[in-house]
Amino acid sequence: MSVVVAHAFNCDLELSEILEELRARTSFRWIERDSFYWGDYISAGISPGVIAKIFIEEPGYLFEVKFSDNSLSWDWEGPVREVMDQVLPHIGARDVRPAPSNN
């Protein structure tokens, strides 16, 4: 079982600019993706079993963190905050709030 946690946020950057910033400012390998269901988005492997994704969700974005390790199913808040703190400040994310996930 996996755990997916999502937060909506606003940002002044386009998705392509977010990708450039995260490639330049984080050690994660960010890639562009395209989905029939979700449209364009970007993703990166954060650590073994942890994937981050950023989707366009008008009028802003959706940031998801997926943990494939079910040992986190009861204690996910700390690891999610760590990932968010490593990613969102670099792109000027604001108005960050919990949201339903796409996955």
Side-chain angles (χ1 to χ4, degrees):
M1 179 180 118
S2 62
V3 174
V4 180
V5 180
H7 287 79
F9 68 94
N10 294 326
C11 178
D12 294 331
L13 303 176
E14 298 292 327
L15 188 63
S16 61
E17 295 170 313
I18 290 173
L19 177 63
E20 287 177 32
E21 286 296 314
L22 293 178
R23 282 181 171 168
R25 296 175 177 261
T26 69
S27 61
F28 313 126
R29 186 175 166 264
W30 290 92
I31 57 175
E32 296 173 272
R33 309 295 292 237
D34 184 19
S35 166
F36 177 77
Y37 297 104
W38 302 303
D40 294 335
Y41 69 98
I42 59 175
S43 68
I46 302 299
S47 64
V50 180
I51 297 172
K53 298 177 182 178
I54 298 177
F55 301 92
I56 298 169
E57 291 281 328
E58 295 297 338
Y61 295 94
L62 181 70
F63 179 72
E64 281 189 358
V65 181
K66 181 178 183 179
F67 298 91
S68 9
D69 180 356
N70 66 4
S71 67
L72 293 172
S73 61
W74 297 107
D75 183 27
W76 49 264
E77 287 185 33
V80 168
R81 177 58 51 197
E82 279 184 44
V83 173
M84 290 174 63
D85 289 348
Q86 293 178 51
V87 174
L88 296 182
H90 297 299
I91 57 174
R94 63 183 186 284
D95 304 322
V96 179
R97 59 213 177 269
S101 69
N102 282 341
N103 290 298

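Note that the coordinates shown come from a computational prediction; the quantities given were computed from them, not determined experimentally.
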- Identify whether Val87 and Val50 are in the same connected component of the hydrophobic contact network (ILVMFWY, side-chain heavy atoms under 4.5 Å). yes
- With hydrophobic residues grouped by side-chain heavy-atom distances under 4.5 Å, do Met84 and Ile51 end up in a single group? no
- Pairwise side-chain contact, Asn10 with Arg97, heavy-atom cut-off 4.5 Å (strictly under): yes
- Query: Got a second to check how far Ile54's CD1 is from Leu22's CG, nearest 0.5 Å?
  - Reply: 5.0 Å
- Item | same_hphob_cluster(Val4, Phe67) at 4.5 Å side-chain heavy-atom cutoff | no
- Query: Is the backbone N or O of Ala8 less than 3.5 Å from a side-chain atom of Glu57, with the two atoms forming a donor-acceptor pair by type?
  - Reply: no
- Note on the structure: Rounded to the nearest 0.5 angstrom, the CG-OH distance for Leu19 and Tyr41 is 13.0 Å
- Task: Give the minimum heavy-atom separation between Ala6 and Ser101, together with the two atoms involved.
- Result: CB-CA, 3.6 Å
- Task: State, yes or no, whether a side-chain contact exists between Val96 and Leu88 at a heavy-atom distance under 4.5 Å.
- Result: yes
- Rounded to the nearest 0.5 Å, how far apart are CZ of Arg33 and CG of Asp40? 12.0 Å
- Message: Is the ring pair Tyr61/Phe9 parallel, tilted or perpendicular, if the boundaries are 30 and 60 degrees?
- Response: parallel
- Output all residues satisfying salt bridge (Lys or Arg N to Asp or Glu O under 4.0 Å) with Arg94, sequence neighbours left out; order by chain, then residue number. Asp12
- Message: Between Phe55 and Val3, is there shared hydrophobic-cluster membership here, with clusters defined by ILVMFWY side-chain heavy atoms closer than 4.5 Å?
- Response: no
- Message: Just verifying a value: how many Å separate Ile31 CD1 and Lys53 NZ, rounded to the nearest 0.5 Å?
- Response: 10.0 Å
- Task: Output the distance between atom CG (Leu13) and atom CD1 (Ile18), rounded to the nearest 0.5 Å.
- Result: 5.5 Å
- Task: State whether the number of non-hydrogen atoms from other residues, nucleotides or ligands found under 6.0 Å of Arg29 atom CZ is greater than 12.
- Result: no
- Message: Please say yes or no: joined through hydrophobic side-chain contacts below 4.5 Å, possibly via intermediate residues, are Phe28 and Val65 part of one cluster?
- Response: yes
- Message: Holding to salt bridge (Lys or Arg N to Asp or Glu O under 4.0 Å), I want the full list of residues that pass it with Asp85, two or more places apart in sequence or in another chain.
- Response: Arg81
- Message: If you compare all heavy atoms of His90 against all heavy atoms of Glu21, which two are closest, and at what distance to 0.1 Å?
- Response: O-OE1, 3.9 Å
- How long is the gap from OG on Ser27 to CD on Gln86, to the nearest 0.5 Å? 7.0 Å
